[in-house]
Amino acid sequence: AGTGTLSGQYVGVSGSIDARGGGNVLVTSSTRTVITSSASIDVSGQGSGSAGTAVVWSDADTLFYGTILGRGGELGGDGASAEVSGYENLGYTGNVDLSAPAGTAGTLLLDPKIVLFQAAVGADDAQIADGTINFADGGTVTFTIGEAAMEAFVGNLVIEATSAAEAIGTSFTLNLSAVGNEGCSLTTRNDIALGDVAGDIHLFRMSIVGAGAGAITIQGSSSGVATSNVTVGSISTVGGTITIDTNNGFVNLLGAINAG
């Protein structure tokens, strides 16, 4: 399988990129990367092969509304390693499938500066009402990740925010599938030397329910440099490990923690 790369100051994808057979795809920009709702990136494995890698990145803003397919082969092989990241801001309401019917599900990394979770769809969804997102559309200062987009993802969800994370608006429950024992990890870095700031993790409006044995990890201030206090609501799994920690700050539990 081959490798496909799209790069520039502004990069947009509204068509399909086919790298099936375990290929590798990189879409990157220095200012803004836009993946529209009609776009798809497929790095799925074939036969007994594993999927490849798919990376959507920007040094500033990334708007992801499309689809990434990184499924393991029908006869064997693991799901893809995928990343959707914006160094400053990330808007994510697309769909990612990293399942593996005869292997291990893949992992999705989301890597923004500040991430907000909410029950509704992302705040910038109106930009794609006409079927397109133009580079001039821009967005608000902070982008959000909707509940439906997270639940539509198949695989293990990894979110690494450089400064802060918060569940906003109406309280909701994030359900992780028992298929493939889906798990999730949320980390803030908070390293002032790298341009981060102190910022907390506030998840008391978001309950997390893991239907399988996937691990759930919430980590504040992985650097230990700036403060990141962690506040969570209820979290449960069916035999999966639950870890809540911060290297600089306090942990506040406002709900029940149950690892089954």
Side-chain angles (χ1 to χ4, degrees), residues 35-37 61-68 82 84-86 89-98 108-129 133 137 139-161 163-180 182-188 199-212 214-220 228-238 240 242 244 251-258:
I35 308 296
T36 72
S37 59
D61 300 336
T62 294
L63 300 174
F64 179 81
Y65 300 96
T67 298
I68 293 176
V84 180
S85 301
N89 295 299
L90 170 65
Y92 174 89
T93 54
N95 295 292
V96 177
D97 183 354
L98 308 181
L108 171 65
L109 169 64
L110 302 178
D111 186 18
K113 182 177 182 180
I114 297 174
V115 59
L116 300 179
F117 307 103
Q118 65 180 34
V121 295
D124 297 297
D125 284 0
Q127 300 287 5
I128 58 171
I133 300 178
D137 284 342
T140 56
V141 174
T142 302
F143 294 103
T144 62
I145 301 176
E147 173 194 352
M150 289 187 287
E151 293 181 342
F153 165 67
V154 180
N156 296 297
L157 182 62
V158 177
I159 301 173
E160 296 179 349
S163 295
E166 183 177 2
I168 62 174
T170 304
S171 297
F172 66 97
T173 298
L174 174 64
N175 292 290
L176 303 175
S177 174
V179 178
E182 286 185 357
C184 69
S185 171
L186 169 62
T187 304
T188 58
D200 297 334
I201 297 177
H202 291 297
L203 300 182
F204 55 89
R205 290 188 176 91
M206 181 175 76
S207 299
I208 304 175
V209 176
I216 297 174
T217 301
I218 300 173
Q219 170 73 62
S228 180
N229 300 313
V230 178
T231 302
V232 300
S234 61
I235 302 175
S236 65
T237 67
V238 182
I242 299 173
I244 305 169
V251 173
N252 187 19
L253 302 179
L254 299 182
I257 306 298
N258 184 357

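All values derive from a computational prediction rather than experimental measurement.
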Partner residues of Asn258 under the side-chain contact (heavy atoms from CB on, under 4.5 Å) criterion, sequence neighbours left out: Ser236
pair Arg205-Thr170: side-chain heavy atoms closer than 4.5 Å: no
By side-chain hydrogen bond (donor to acceptor under 3.5 Å, both in side chains), Ser228 pairs with (sequence neighbours left out) Thr188
Provide the closest heavy-atom pair for Ala167 versus Met206 in the form atom of the first, atom of the second, distance. CB-CB, 3.7 Å
Say you draw a straight line from OG of Ser207 to CG of Leu254; how long is it, rounded to the nearest 0.5 Å? 10.5 Å
Straight-line distance of Ile208 CD1 to Leu186 CG, nearest 0.5 Å: 7.5 Å
Considering all heavy atoms of both residues, which atom of Asn175 and which atom of Glu151 are nearest to each other, and what is their separation? N-OE2, 2.9 Å
Heavy-atom pair of closest approach, residues Ala165 and Phe117: CB-CE1, 4.2 Å
Could you check whether any side-chain heavy atom of Ile68 comes within less than 4.5 Å of a side-chain heavy atom of Val84, counting everything from C-beta outward? yes
With sequence neighbours excluded, what pairs up with Ile257 under the side-chain contact (heavy atoms from CB on, under 4.5 Å) test? Ile235, Ile242, Ile244, Leu253
Side-chain donor or acceptor of Thr62 paired with backbone N/O of Ser85 under 3.5 Å: yes
With Ile159, the side chain to side chain contact (heavy atoms under 4.5 Å, CB included) member among Val115, Ile218, Thr187: Val115
What's the separation between atom CG in Asp200 and atom CD in Glu166, rounded to the nearest 0.5 Å? 9.0 Å
Shortest non-hydrogen pair, Gly214 vs Thr237, comes out as O-CG2, 3.8 Å
Non-hydrogen side-chain atoms of Gln118 and Leu116 separated by less than 4.5 Å: no
Could you give the distance from CG (Leu203) to CG (Asn252), rounded to the nearest 0.5 Å? 11.5 Å
With sequence neighbours excluded, residues passing side-chain hydrogen bond (donor to acceptor under 3.5 Å, both in side chains) with Ser185: none
Considering only heavy atoms from C-beta outward, does the side chain of Leu108 approach that of Leu98 to under 4.5 Å? yes
Test log, rule side-chain contact (heavy atoms from CB on, under 4.5 Å), inputs Asp61 and Leu63: CA-CA 7 Å; Asp61 300 336; Leu63 300 174; 5.7 Å; no
Which residues pass the side-chain hydrogen bond (donor to acceptor under 3.5 Å, both in side chains) test with Thr67, not counting sequence neighbours? none
Okay, side chain of Asn156, backbone of Gly183: is any donor-acceptor separation there less than 3.5 Å? yes
Residues passing the salt bridge (Lys or Arg N to Asp or Glu O under 4.0 Å) test with Asp97, sequence neighbours excluded, are Arg71
